[in-house]
2 protein chains.
Amino acid sequence: MIAIGEAARQSGVSIETIRYYERERVVPAPRRAANGRRVYSDKEVGRLRFIRRCRDLGFSISEAKGLLSLSEGENSNCAKVKEIGTAHLNAVRCKIAELTALEAALEELTANCRSGSVSCQMLEALAR
Amino acid sequence: MIAIGEAARQSGVSIETIRYYERERVVPAPRRAANGRRVYSDKEVGRLRFIRRCRDLGFSISEAKGLLSLSEGENSNCAKVKEIGTAHLNAVRCKIAELTALEAALEELTANCRSGSVSCQMLEALAR
DNA sequence: CTTGATCCTGTAGTCACTACAGGATGCATA
DNA sequence: TATGCATCCTGTAGTGACTACAGGATCAAG
């Protein structure tokens, strides 16, 4: 049973963010000590760590919440987890494709942008 | 000399966003007709289009603003433009690298996540 | 008893829009 | 002239996922 600062250290979620998750009901509110301070069990720290791992993998808060409740459900429904995971994987791949297109466009624009030339290719492309 | 709706159509920037750009001084405020409505010249539509192109390339509003003022300055400073462009290109490449790492992690997690198995590999990795 | 760390609530700011509410005006048709 | 719909106006609030205080209470160590 630890205080919020230690829970932050153990979970890798900042104090402010922990309180935010509580406010937004991403995780259940922990019980309070007599002095009104939050008290965390290992299980609750585990939830915070779970959410942080989801966020690190790029899942949204609501996806993370869904995965957490699947993780805590009676029947661990692997199929649903996989569905959420592959949907997100697809989204990540789309994002990569978009950024790769951007990269190519920026490469071309900046390559043609030589200091000293009369006109700036990049500005011209943007203004066209 | 056109109204905001037509300016939106010609520039590809929505009416609400045009007003937002004006409020945030991304572009100068256009003059008003006698009835109080905004009136846009080709030059002003051009500025909106310029900002949109910058945004499409992933530049932030403040970068776009900077590029616009470089574009309208007396001495078209190609070196500065190139600097902003290559800095952004680097940022895009970093983002791609991050997402590619995410992609690999998600591939592994979802591949090991088979419906029907006793435990869910993905949930276990998240909860560990 | 003091000092510094930690905790609390509540609010506002970030970025780049987006979505109204509630009202005024313009334009075309009956 | 009346109607009705499109377009415009201002102002405010919401989005996601935090982050950053302000202003105050409490704790633990010396």
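Everything numeric here is computed off the predicted structure, so don't read it as measured data. What's counted below: heavy atoms across the whole structure, side chains too, no hydrogens, waters or symmetry copies.
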Next item on the list: Please confirm whether the backbone N or O of B/Ala7 pairs with a side-chain atom of B/Ser11, one donor and one acceptor, at under 3.5 Å?
Entry: yes
Check: Judged by atom type as modelled, is there a donor-acceptor pair below 3.5 Å linking the side chain of A/Arg93 to the main-chain atoms of B/Glu103?
Finding: no
Check: Which parts of residues 34-65 of chain B get close to DNA chain C, meaning a heavy atom less than 4.0 angstrom away?
Finding: B/Asn35, B/Arg37, B/Arg55, B/Ser60, B/Ile61
Margin query: For DNA chain C, which residues of residues 13-31 of chain A approach it to below 4.0 angstrom with any heavy atom?
Written below: A/Ile15, A/Arg19
Notebook entry, point to check: In Å and rounded to the nearest 0.5 Å, what is the CG to SG distance from B/Leu126 to A/Cys54?
Noted result: 4.5 Å
Check: Roughly how far apart are A/Leu123 CG and B/Cys78 SG, rounded to 0.5 Å?
Finding: 7.0 Å
Check: Is there a path from A/Val27 to A/Val39 through hydrophobic residues (I, L, V, M, F, W, Y) whose side chains come within less than 4.5 Å of each other?
Finding: no
Note to self: Is it true that A/Ser41 and A/Glu44 share a donor-acceptor pair across their side chains at a distance under 3.5 Å?
What the structure shows: yes
Checklist line | Ion pair check, B/Glu83 and B/Lys80, cut-off under 4.0 Å | finding: no
